[in-house]
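Basis for what follows: all heavy atoms, side chains included, without hydrogens, waters or symmetry-related copies.
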Amino acid sequence: MTAVATSIALDAHRDALLACRRCALGPGMTPVASHARNPRAMLVGQAPGKVEAEGGVPFAGRAGRTLFSWLERAGLDEETAREQIYISAITRCFPGPHPSGRGDRVPTKEEQARCGDWLDAELRILRPRLLIPVGRLAIERFLPALPLSELIGTRRSVAYAGGRSTVIPLPHPSGASSWVYQADNKRLLDKAIGLIADELGRL
């Protein structure tokens with residue numbers, strides 16, 4: 001698909017996504033979509049948070065600040081990353097707070113299934129050479145259900161409906177996760193960031 005055709009297809013896809021009301025999540029709960037038009041890579045998160053839902057911009061809150069600090073270490077500042085990486089998610093609306101009061105509620109299997117074809121369509125449109133799943137829910141969409149210590153810092157070639165991508169997973173950047181603060185895991189994160197920088201340099 002040419003760059004122009006990709007941009008047109010993404011515009012049509014985005015319009016349809018933003019109009020979606022499949023899940024009855026309450027008033028004001030609307031989908032969040034990436035506005036990258038000719039991306040070099042694709043990033044898949046779990047679901048928008050409250051800040052993202054209010055502003056309509058993916059990874060706009062605290063977790064986003066952490067994520068973009070990682071991507072800056074890979075060679076992309078936030079503005080460039082938002083232009084060159086299509087930011088997708090397993091589900092597209094804020095699912096609400098976690099019942100414990102810590103973090104956001106994890107989308108149910110039913111919500112994930114209802115949202116799944118939006119991600120499938122994006123993969124078919126973009127056929128990204130580099131795919132970056134962020135957090136356990138997104139990682140398990142593409143990779144085996146292994147401990148994060150066996151996944152972060154690795155690079156795999158993965159086939160899916162519509163194509164094949166190099167997949168480099170990242171842990172979830174939310175402050176609710178302590179995984180990234182453990183010494184051994186920091187080294188794995190550093191390795192993952194280096195792999196992403198390497199792949200971006202090849203695109």
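By the 4.5 Å heavy-atom criterion applied to side chains, L170 and I132 are counted as neighbours. Considering only heavy atoms from C-beta on, E122 comes within 4.5 Å of L17 through its side chain. At a threshold of 4.5 Å between non-hydrogen side-chain atoms, the residues R82 and V57 count as touching. Between V4 and N38 there is no side-chain heavy-atom pair separated by less than 4.5 Å. By the 4.5 Å heavy-atom criterion applied to side chains, V158 and L143 are counted as neighbours. When side chains are defined from C-beta on, L71 does not count as touching D77, because their heavy atoms never get closer than 4.5 Å. The shortest side-chain heavy-atom distance between P169 and V134 does not fall under the 4.5 Å cut-off.
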Show your reasoning for whether side-chain contact (heavy atoms from CB on, under 4.5 Å) applies to V44 and I87.
CA-CA 6 Å; V44 181; I87 301 176; over 6 Å; no

Could you walk me through whether L137 and Q112 satisfy the side-chain contact (heavy atoms from CB on, under 4.5 Å) test, starting with their C-alpha distance in whole Å, then the side-chain angles of each, then the deciding distance to 0.1 Å, before giving a yes or no?
CA-CA 10 Å; L137 204 62; Q112 294 175 48; 3.6 Å; yes

Between I152 and N185, does a side-chain contact (heavy atoms from CB on, under 4.5 Å) hold up when you go through it step by step?
CA-CA 8 Å; I152 306 302; N185 298 338; over 6 Å; no

Kindly indicate, with the supporting measurements, whether the criterion side-chain contact (heavy atoms from CB on, under 4.5 Å) is fulfilled by L130 and V167.
CA-CA 6 Å; L130 173 60; V167 176; over 6 Å; no

Could you walk me through whether S157 and R164 pass the side-chain hydrogen bond (donor to acceptor under 3.5 Å, both in side chains) check?
CA-CA 7 Å; S157 178; R164 177 178 289 273; 3.1 Å; yes

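Atom CG of residue L151 and atom CD1 of residue I168 lie 13.0 Å apart, to the nearest 0.5 angstrom. Atoms CD1 and CZ, from I193 and R73 in turn, are 3.5 Å apart once rounded to the nearest 0.5 Å. Taken from CG in L203 to CG in D198, the straight-line distance is 10.0 Å, to the nearest 0.5 Å. Note that the CG atom of D184 and the CH2 atom of W179 stand 9.5 Å from one another [nearest 0.5 Å]. The NZ atom of K109 sits 14.0 Å away from the CZ atom of R114 when rounded to the nearest 0.5 Å. Expressed to the nearest 0.5 Å, how far CG of L148 lies from CD1 of I139 amounts to 5.0 Å.
If you chain together hydrophobic residues whose side chains sit under 4.5 Å apart, L123 and W118 never meet in one group. Both V180 and L146 sit in one connected hydrophobic cluster of ILVMFWY residues. Membership requires side-chain heavy atoms under 4.5 Å apart, directly or through other members. At a threshold of 4.5 Å between side-chain heavy atoms, the hydrophobic network of Ile, Leu, Val, Met, Phe, Trp and Tyr places V32 and M29 in two separate groups. Using a 4.5 Å cut-off between side-chain heavy atoms of Ile, Leu, Val, Met, Phe, Trp and Tyr, with links allowed through other members, I8 and L10 fall into different hydrophobic clusters. Linking Ile, Leu, Val, Met, Phe, Trp and Tyr residues whenever their side-chain heavy atoms come within less than 4.5 Å places I125 and F142 in a single cluster.
The aromatic rings of F59 and H172 sit tilted relative to each other, their planes meeting at an angle between 30° and 60°.
Residue pairs meeting the side-chain hydrogen bond (donor to acceptor under 3.5 Å, both in side chains) criterion with at least one member in residues 131-144, sequence neighbours excluded, are D120-R141, R136-E140. Listed by first then second residue, pairs satisfying side-chain hydrogen bond (donor to acceptor under 3.5 Å, both in side chains) with a partner in residues 52-69 read K50-E54, not counting sequence neighbours.
Side chain of S165 to main chain of P128: a donor-acceptor pair is present (N/O by atom type, distance under 3.5 Å, no hydrogens or angles). When atom types are taken as modelled, the side chain of R92 and the backbone of C115 share no donor-acceptor pair closer than 3.5 angstrom. Counting only distance, with no hydrogens or angles, the side chain of R14 and the backbone of S34 share a donor-acceptor pair below 3.5 Å. Under a 3.5 Å cut-off, the side chain of T80 and the backbone N or O of L76 do not form any donor-acceptor pair. Judged by distance alone, the side chain of R102 and the main-chain N or O of P99 form no donor-acceptor pair under 3.5 Å.
Heavy atoms only, all atoms of each residue included: T91 and A89 are closest at O-CB, 3.2 Å. Counting all heavy atoms, side chain and backbone alike, C93 lies closest to A47 at O-CB, 4.1 Å. P107 and Q46 get closest at one heavy-atom pair: CD-NE2, 3.8 Å. The two residues Y86 and H13 make their nearest non-hydrogen contact at OH-CD2, 3.8 Å. The two residues P39 and I85 have their closest heavy-atom pair at CB-C, 4.1 Å. Nearest heavy atoms, F94 versus A53: CB-CB, 3.6 Å.
For the pair R156 and E199, the salt-bridge criterion is not met [side-chain N within less than 4.0 Å of a carboxylate O]. Taking a cutoff of 4.0 Å between a charged side-chain nitrogen and a carboxylate oxygen, R22 and E110 do not qualify as a salt bridge. With salt bridges taken as basic N to acidic carboxylate O contacts below 4.0 Å, none links R187 and D190.
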